[in-house]
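Since we're looking at a predicted model, the values are computed, not measured.
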Amino acid sequence: NILYVAVTALVSLYLLIYRDKLNNMRILGVAIVNYLIYMYVGSRTGVVSIFFLVILVLLFRNQYFRRLKIIKEGCIFAPLVCMVFSIFAGLKYDEYSFLKILDMMLQGRIAQNNAYLDRYDIKLFGQHIYEGAENGDFWNLDCAYLDMLICEGLIFAVLWIVVSTALIKYMYNNNRMVEVAILVMYAIYGISETFLLNCFLNMSLFLYGEYLYIQFNKIPNPTQCQI
């Protein structure tokens, strides 16, 4: 999984570098490399995430598609939806059979989320949690949203969602659709991995930095700050 996260970072950087020169061959190349890496690594989460990214990049090239209100709203609120889903799935794991099926697809991550939500309260500024083996039980919180909520705290989790939503809206309104695709992909990837706060693995953090720099400095020509 870590290897695929690193591959995702490289793919994201590649798309950002060639965002103005993306043609069908470059996009096809990303898809082929993604499949070859999957054959070697076997990470389903990783291969689905990159294929989802490729599909989004292709669809966003269509003016009609990206002008659809449901698509725009879906992208803008993707971080919030992912956060709500992570909390809902963790809390309601024992009540709905479809969550147990999804848990098997995610290799027990939802069951682990449920265990952590039962064990720890939500605090404003977070707390240390236990991860490892305990009395024959395996503990591993592998969800970025619950990691933010439980470990970093409620205040940070809310700020993350607010800033992420504003960032995607900003990129969408400025027709920077490659950036939107990357941000939405990472938002969904965070449901099953915890690396969203890692600046060495999450390349979308460059975009957060750019956005905050523009907002705080009121730069009249934002394109000067693009990666």
Could you walk me through whether Tyr208 and Leu183 pass side chain to side chain contact (heavy atoms under 4.5 Å, CB included), step by step?
CA-CA 10 Å; Tyr208 284 82; Leu183 289 164; 3.9 Å; yes
CG/Asn113 to CD1/Ile87 distance, rounded to the nearest 0.5 angstrom?
10.0 Å
Aromatic rings Tyr18 and Tyr14: how do their planes relate, parallel, tilted or perpendicular, breaks at 30° and 60°?
tilted
Using side chain to side chain contact (heavy atoms under 4.5 Å, CB included), reason through Cys82 and Ile188 one step at a time and then give a plain yes or no.
CA-CA 6 Å; Cys82 292; Ile188 296 174; 4.0 Å; yes
Which atom of Tyr145 lies closest to which atom of Ser86, heavy atoms considered:
CD1-OG, 3.7 Å
Do Phe60 and Tyr172 have side chains that approach each other closer than 4.5 Å (heavy atoms only, starting at C-beta)?
yes
Path from Ile32 to Leu10 over hydrophobic side-chain contacts below 4.5 Å:
no
Go through it in stages, so that I can follow the logic: the residues are Leu212 and Gln215, the test is side chain to side chain contact (heavy atoms under 4.5 Å, CB included), and I'd like the CA-CA distance, side-chain angles, deciding distance and then a yes or no.
CA-CA 5 Å; Leu212 292 174; Gln215 298 305 309; 5.6 Å; no
Under 3.5 Å donor-acceptor, Arg26 side chain and Lys21 backbone
yes
Gln127 side chain vs Asp121 backbone, donor-acceptor pair below 3.5 Å
yes
Judged by atom type as modelled, is there a donor-acceptor pair below 3.5 Å linking the side chain of Glu152 to the main-chain atoms of Ala157?
no
Minimal heavy-atom distance between Arg176 and Arg19, with the atoms involved, is NH2-NH1, 3.7 Å
Going by the angle between their ring planes, with limits at 30° and 60°, are Tyr186 and Tyr189 parallel, tilted or perpendicular?
parallel
Please determine whether the number of non-hydrogen atoms from other residues, nucleotides or ligands lying under 6.0 Å from atom CG of Leu36 exceeds 12.
yes
In terms of hydrophobic clusters joined by side-chain contacts under 4.5 Å, are Leu146 and Phe125 together?
yes
For Ala166 against Tyr211, the heavy-atom pair lying closest together:
CB-OH, 3.4 Å
For residues Met185 and Ser49, report the shortest heavy-atom separation together with the two atoms involved.
CG-O, 3.3 Å
Please say yes or no: joined through hydrophobic side-chain contacts below 4.5 Å, possibly via intermediate residues, are Ile50 and Met39 part of one cluster?
yes
Are side-chain heavy atoms of Leu22 and Arg61 found at a separation under 4.5 Å?
no
Report yes if the side chains of Tyr116 and Trp139 come closer than 4.5 Å at any heavy-atom pair, otherwise no.
yes
Could you tell me whether the side chain of Asn140 and the main chain of Asp142 form a donor-acceptor pair under 3.5 Å?
no
Out of curiosity, Asn34 CG to Leu53 CG, how far, rounded to the nearest 0.5 Å?
9.0 Å
Once you round to the nearest 0.5 Å, how far does CD1 of Ile37 lie from OG1 of Thr8?
10.0 Å
I'd like to check Leu16 versus Glu179 (side-chain heavy atoms, cut-off strictly below 4.5 Å). Are they in contact?
yes
Give a yes or no on whether Tyr130 atom OH has more than 12 heavy-atom contacts from other residues, nucleotides or ligands under 6.0 Å away.
yes
For a quick test of your reading: what N or O donor-acceptor pairs under 3.5 Å do the side chains of residues 88-100 make, sequence neighbours left out?
residue : atom : partner : partner atom : Å
Tyr93   : OH   : Asp103  : OD2          : 3.2

Examine distances only and state if a side-chain atom of Gln112 and a backbone atom of Phe138 form a donor-acceptor pair shorter than 3.5 Å.
yes
Rounding to 0.5 Å, atoms CE (Met171) and CD (Glu210) come to a distance of 4.5 Å
Should the heavy atoms of other residues, nucleotides or ligands under 6.0 Å from NZ of Lys169 be counted, would the total exceed 12?
no
Roughly how far apart are Leu56 CG and Ile182 CD1, rounded to 0.5 Å?
10.5 Å
Would you check if Ile71 and Arg66 make a side-chain contact, meaning some heavy-atom pair closer than 4.5 Å?
no
Flag the pair Phe195 / Ile2 as yes when at least one side-chain heavy-atom distance between them is below 4.5 Å, and no otherwise.
no
Scanning both residues in full, the closest heavy-atom pair of His128 with Tyr120 reads O-CE2, 3.9 Å
Atom pair CG/CD of Leu68 and Gln63 - distance to nearest 0.5 Å
11.5 Å
Mind running side chain to side chain contact (heavy atoms under 4.5 Å, CB included) on Met83 and Trp160 for me, showing each step along the way?
CA-CA 10 Å; Met83 172 68 84; Trp160 177 271; 5.8 Å; no
Hey, are the side chains of Thr165 and Phe77 touching, using non-hydrogen atoms and a 4.5 Å cut-off?
yes
